[in-house]
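Proteins get letters first, then strands, A, B, ... in listed order; numbering begins at 1 in each. Keep in mind it's a predicted model, so treat the numbers as computed, not measured.
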Number of protein chains: 2
Amino acid sequence: MRRPATMKDVADAAGVAQSTVSRILNDAPVLIRVSEATRTRVRAIASELGYQPHPFARALRGAPSMLLGAVVRDITDPFFAPAIEALSLQAKERGYSVVLGHARATPDEALALTAVLEARQCDAIVLLGDLGEVPRLVEDLRKSHVRVVALWHGTQHHGHGFPTVSVDNRAGIRAALTHLTALEHRHIAFIGGDSHGDIRERKAAYVEYLREAGLEQPDGYIRDVPNGISGGEQALSALLKLRQRPTAIITATDILAMGAIHAAYENAVAVPEELSIVGFDDIPIAAAAVPTLTTVRMPLTEIVSAGVELAVGDGAWSTSGLGELPRLVFEPDLVVRRSTAKAAPQSPAGRGVRGN
Amino acid sequence: MRRPATMKDVADAAGVAQSTVSRILNDAPVLIRVSEATRTRVRAIASELGYQPHPFARALRGAPSMLLGAVVRDITDPFFAPAIEALSLQAKERGYSVVLGHARATPDEALALTAVLEARQCDAIVLLGDLGEVPRLVEDLRKSHVRVVALWHGTQHHGHGFPTVSVDNRAGIRAALTHLTALEHRHIAFIGGDSHGDIRERKAAYVEYLREAGLEQPDGYIRDVPNGISGGEQALSALLKLRQRPTAIITATDILAMGAIHAAYENAVAVPEELSIVGFDDIPIAAAAVPTLTTVRMPLTEIVSAGVELAVGDGAWSTSGLGELPRLVFEPDLVVRRSTAKAAPQSPAGRGVRGN
DNA sequence: TTGTATGCGTTATCAG
DNA sequence: CTGATAACGCATACAA
């Protein structure tokens, strides 16, 4: 039980050559000219000894490692948990296991190297989120020899030469804003940041839409905060202090929205009666928020699925090398729940009437 | 740029032997008798060619793969996202990468085998959550040759021979119930299930405490539901229909609590004025729930850290093999927030007064 | 100080 | 039908 059994062990025990064992254990069709006698004997001994093939040795011979690397921008971002789940599931369906990489933790040179070092073990790498903050890592990855696919890098800045899969941020924000304006909101603020591509794009789409719609946009309506619950809380508290309070808020992510909802509650501002809030991503908890969160559903499965296909599928993009880099964009849907309602005409009268 | 550069490539380019390159590239101290000239020359060529060591070849020679396997019971359980984050961080600090395994998805024989196959690549494996549902996998793991550590398998059933790290479920539940009874609650229901060890222990602790305290426990006060948001919602709806409504509810996990809070809101039951709710785990969103959730804080970092130490640390338990198996138990803390309040004497009068 | 030879566990190519 | 034998990329004992 100490040392795992090797092919040689099996061969010795069976009184045959190690190469014979290899043949028998690998060839699925029984037809591959090996005598049935030795075949069964070797098989029996192999399972008796608990033989397991050694993946490293196989990989050394050029076999795929069946390892899919996942480098997450910020593993503490709640959005990526479902993303990793989805990735893990998709990978498994293709027989791959997921290796978690680290981007944020120590964005120094040494770490970047390490990440690439790990890369050697993987058949492909999936980048989750905008890794603009660790350019060195991206650089190393580019001159690495594994296939790299970037998910949620935004649709704009494609400095790196990786195929990308993203969501149509502009369409999502426009859907959300169309919903709010249809509810007669005229004072709509935005909570987001500049941290990474997707959020920047969402902000840009907000600015664009408001300009087009000719909606007022006082100073302070755009809140740049870190992407987290407390970021959302801070931003909302600040917005409530504004002379012209917004009647609706659109947040760049659901996590910000959750923080905003909570801060509204703490400040005794009724959602949606006094304030409508829209999120982005449709993370699982959004459907159980109090009140349930109107948000833009991220086509998570589609995006991850496409990413995995690009990474380890038998797609043709790798073979070409010259053709256009795939740049897939998936469309999100607006999910209307209870955190949005018609704008209150003047003073909030509907407080406590939970539109049920 | 096609094929990654090997040591031989570097050696050829530098006009030295491959073994020389190996020596130069591996020996940290400059003192290892190699001429400075060749040293710098080889180093230059190596980095010029973008040489990266091949982990598989190293591992084949007996070097550790620096891969830590993580087999998660149910990767869709929101509790495990932070756990995986913590694991990933802890692993990184020791230079390890985390490989995600799959338990739930296809609990059949083939998958179990696959998981063990992957195991060969890992230096150790960490089990996250009770894997009682996939005994075959556990069986395979036991006769595997890697170190296995079980986290959150409950403190009771230790059929398998793995070291374990758990939380003191009984203490956590008792703290929660002590808190509720101090608030004069006499009708306390429990939402949980039988799905896995930790939850079973929490339920048992609840039953025990209520018996000791001589508290009434009508039929239907124990709700067995799947561990998820909708499970919590269902359970709460059912509890509200009881003739003797509970004034407080303790849930086996925060996710169940989130579902319960949401269902209470949908049913226009004010939390905590009409109904107090306590969770277990202290997942990140609990602090931003509406209202914020009183819960039992899981010493996540401590547990994961201890697990990683057991798995890949230089601890002595592996060397012995005969001594007692480590069975670490960490103590949780009660975190009192806003979802609990004094039991309403009779009809709820405090509605809307948010105890601020 | 550096080159040669060997083996880690497999797979694949030859002979026999 | 099966047994030697040669890589795969690297580390290391040994020879020069």
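- Scanning for side-chain contact (heavy atoms from CB on, under 4.5 Å) contacts around A:R94 gives A:Y96, A:V308, A:E309, A:V312, with sequence neighbours left out.
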Interface polar pairs with nucleotides 14-16 of chain D, N/O, under 3.5 angstrom:
none

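- In this view, B:E93 satisfies the salt bridge (charged side-chain N to carboxylate O under 4.0 Å, His left out) rule with no residue, not counting sequence neighbours.
- Listed in residue order, the members of residues 9-19 of chain B having a heavy atom less than 4.0 Å from DNA chain C are B:G15, B:V16, B:A17, B:S19.
- Rounded to an integer number of Å, the gap from CD of B:Q52 to P of D:dC8 is 20 Å.
- With sequence neighbours left out, A:E302 forms a salt bridge (charged side-chain N to carboxylate O under 4.0 Å, His left out) with A:R297.
- Applying the side-chain contact (heavy atoms from CB on, under 4.5 Å) test to B:A306 and every residue at least two apart in sequence or in another chain returns B:V165, B:L328, B:F330.
- Scored by the side-chain contact (heavy atoms from CB on, under 4.5 Å) test, A:R61 finds no partners at all (sequence neighbours excluded).
- Of the side-chain N and O atoms in A:S22, none sit less than 4.0 angstrom from OP1 or OP2 of C:dT10.
- As rounded to whole Å, 9 Å separates atom C1' of C:dT2 from atom CD1 of B:I24.
- Residues satisfying the side chain to side chain donor-acceptor pair (under 3.5 Å) criterion with B:S19, sequence neighbours excluded, are absent altogether.
- End-to-end axis angle for the helix from C:dT1-D:dA16 to C:dG16-D:dC1, using five pairs per end and rounding to 10°, comes out at 60°.
- One atom, CG of A:L25, and another, P of C:dT11, lie 8 Å apart when rounded to the nearest Å.
- Between A:T6 and C:dG9, a side-chain N or O to OP1/OP2 separation shorter than 4.0 Å is absent.
- Atom P of nucleotide C:dC8 and atom CE of B:M7 are separated by 19 Å, given to the nearest angstrom.
- A close approach under 4.0 Å does occur between a side-chain nitrogen or oxygen of A:N26 and OP1 or OP2 of C:dT11.
- Residues B:V16 and B:R23 form no side-chain contact, since every pair of their non-hydrogen atoms from C-beta on lies 4.5 Å or further apart.
- In the set D:dA11, C:dT11, D:dG9, C:dT11 carries the atom at the smallest distance from any side-chain atom of A:R61.
- Between the P atom of C:dG9 and the CZ atom of A:F56 lies a distance of 12 Å, rounded to the nearest Å.
- With sequence neighbours excluded, the residues that form a side chain to side chain donor-acceptor pair (under 3.5 Å) with A:E139 are A:R142.
- Residues forming a side-chain contact (heavy atoms from CB on, under 4.5 Å) with A:S65 (at least two apart in sequence, or on another chain): A:L67, A:D123, B:F56.
- Residues satisfying the ring-ring contact (aromatic ring centres under 6.0 Å, His included) test with A:F79, not counting sequence neighbours, are A:W152.
- A:P53 places none of its side-chain heavy atoms less than 4.5 Å from the side chain of A:L25.
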